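Please read the structure below before turning to the comments.
Counting starts at 1 for both ligands and their atoms, following the listed order. Predicted, not measured: the structure shown is a model, and the values here were computed from it. The figures that follow rest on heavy atoms only: side chains count, while hydrogens, waters and symmetry mates do not.
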Amino acid sequence: NPNYEFAGERYTLKDLKEVPREHLRLLRALGQGAFGEVYEGLYKMRPGDAVEMPVAVKTLPELSTLQAENDFMLEALIMGKFSHPNIVHLIGVCFDKHPRYIVLELLSGGDLKTFLRESRPRNDRPSPLNMKDLLMCCVDVAKGCKYLEENRFIHRDIAARNCLLTAKTPGRIVKIADFGMAREVYMSDYYRKGGKAMLPIKWMPPEAFLDGIFTTKTDVWSYGVLLWEVMSLGYMPYTGCANRNVMSLVVSGGRLEPPPNCPPMVYAIMTSCWHPEPHKRPDFATILDKLSACLQDPDTLATPLKPMTGLSESA
Ligand SMILES: CN1CCN(c2ccc(C(=O)Nc3n[nH]c4c3C=[N+](C(=O)[C@H](O)c3ccccc3)C4)cc2)CC1
């Protein structure tokens, strides 16, 4: 079984909390994970307990390749080492036999991209969100990213599709909830480069898709694209542009345009994340400072939300 290096320490499977399968009840499917289903379930913390804790259960189908088994285990090991309010919490695993389960904190609001798209103003009702709501979502993700940066963990796939909400209602908290596993849902966001791994080109900086160089500054670039996703209320970046055209556009200095009504202070953060030279991109502490300046700027807060018109876009 794989062992895993995190924050300078080595971990193996024995570091994971085994949850007794008989204390778990799977209720309903929540969606498709990269391997198998993700279910909502109930977990009886202590056998005698009357109350059961709502959880999310990721399953690995019995007919999985060894690689899939390892990836599944690795995801559990990765999640098990994080402890932060903006990163989905690992409760435990059922790895004693098939089907294998990863038991995680339940986030009932669904993924951030879907939430943004559902929240667009419609002719029958204005958006339920305001600029402050959007900025608070961005702050949550930046806090999670800052924690990963402090622990020298490179996520490689920061995007709205990989973030989940505790709820859709005010008081919602956004958490980074995917460590390479939720790919299945938005396959169109990934590009098969050279027939190998599926790469989220539209969220990657030039040094990553050209030279395979991944650093914490890779996540900063992706975070800038997530900011754009939030401000556009869930649009596909570079709408209608094929991945290989995005690569040449970005390499020649092209960047995403500001979404309609995007406050200049927020767009300035995005463009700083997209500096061609990685070391000139801000760190997440700086990004958080800039976001709190936005949250204290009356003109920024007063900006109304307006959907992008014109170009329709794929899911
Ligand atoms: C009307 N709406 C319909 C949709 N609905 C949902 C839709 C999906 C979910 C959901 O998947 N919640 C999750 N909680 N914890 C984890 C989850 C997924 N996890 C994973 O690890 C998944 O792999 C993952 C990770 C990141 C993003 C998506 C999926 C861990 C909750 C509510 C709310 C009400």
Side-chain angles (χ1 to χ4, degrees), residues 16-17 19 24-43 52-61 64 68 71-95 99-120 122 128-129 137 140-141 144-145 148 155-190 198 200 203 219 222-223 225-226 229-230 234 236 315:
L16 285 172
K17 181 169 180 285
V19 158
L24 264 188
R25 261 194 308 140
L26 270 53
L27 301 175
R28 68 183 69 86
L30 281 170
Q32 282 292 330
F35 296 99
E37 298 273 304
V38 183
Y39 292 90
E40 180 177 347
L42 287 170
Y43 170 46
E52 293 178 286
M53 175 184 178
V55 291
V57 182
K58 298 186 81 163
T59 62
L60 180 71
S64 296
D71 287 352
F72 196 67
M73 229 176 282
L74 200 55
E75 188 198 10
L77 278 168
I78 292 170
M79 314 278 264
K81 288 306 140 206
F82 296 145
S83 174
H84 189 273
N86 298 108
I87 292 181
V88 70
H89 179 62
L90 175 85
I91 292 163
V93 296
C94 301
F95 278 175
R100 303 203 194 291
Y101 295 147
I102 294 178
V103 186
L104 295 160
E105 167 189 9
L106 177 66
L107 288 116
S108 306
D111 75 272
L112 179 58
K113 179 169 177 131
T114 306
F115 172 69
L116 292 164
R117 298 168 69 84
E118 287 171 352
S119 305
R120 288 177 188 168
R122 292 196 304 255
L129 304 180
C137 291
D140 284 347
V141 179
C145 288
L148 295 177
H155 186 277
R156 297 166 177 248
D157 202 2
I158 296 296
R161 64 180 170 271
N162 290 333
C163 297
L164 288 165
L165 289 90
T166 51
K168 297 176 193 273
T169 47
R172 66 187 75 82
I173 299 171
V174 186
K175 306 198 183 203
I176 300 170
D178 170 70
F179 290 80
M181 302 302 157
R183 315 233 127 125
E184 216 66 20
V185 182
Y186 293 98
M187 277 313 266
S188 59
D189 295 3
Y190 296 89
M198 299 297 285
W203 284 261
D219 288 345
S222 307
Y223 180 81
V225 180
L226 181 139
E229 291 185 274
V230 171
M236 167 72 86

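- Within the 3.5 Å criterion, the main-chain N or O of Leu165 finds no donor-acceptor partner in the side chain of Arg172.
- Across all non-hydrogen atoms, the minimal contact from Ala56 to Leu30 is CB-CD1, 4.5 Å.
- Under the 4.0 angstrom criterion for non-hydrogen atoms, Glu118 is not in contact with ligand 1.
- A donor-acceptor pair is defined here as one N or O able to donate and one able to accept, closer than 3.5 Å; no such pair exists between the side chain of Asp219 and the backbone of Cys145.
- Residue Leu30 touches ligand 1 through backbone and side chain together, judged by heavy-atom distances below 4.0 Å.
- Contacts between Leu164 and ligand 1 below 4.0 angstrom, taking non-hydrogen atoms only, involve the side chain exclusively.
- Under the 4.5 Å side-chain criterion, counting only non-hydrogen atoms from C-beta, Phe82 is in contact with Leu148.
- If you number the atoms of ligand 1 from 1 as listed, the ones under 4.0 Å from a heavy atom of Leu104 come out as 21 (O), 30 (C).
- Only backbone heavy atoms of Glu105 (N, CA, C or O) come within less than 4.0 Å of ligand 1; its side chain stays farther off.
- In Lys168, the part holding a heavy atom less than 4.0 Å from any atom of ligand 1 is the side chain.
- Closest approach of Lys168 and Glu118 over heavy atoms only: NZ-OE1, 2.8 Å.
- At least one N/O-N/O distance between Lys58 and ligand 1 falls below 3.5 Å.
- Between atom 33 (C) of ligand 1 and the options Ala167, Ser108, Cys163, the minimum heavy-atom separation is to Ser108.
- Here the side chain of Ser222 pairs no donor or acceptor atom with the backbone of Asp157 at under 3.5 angstrom.
- With ligand atoms numbered from 1 in the order given, ligand 1 contributes 14 (N), 15 (N) to contacts under 4.0 Å with heavy atoms of Leu106.
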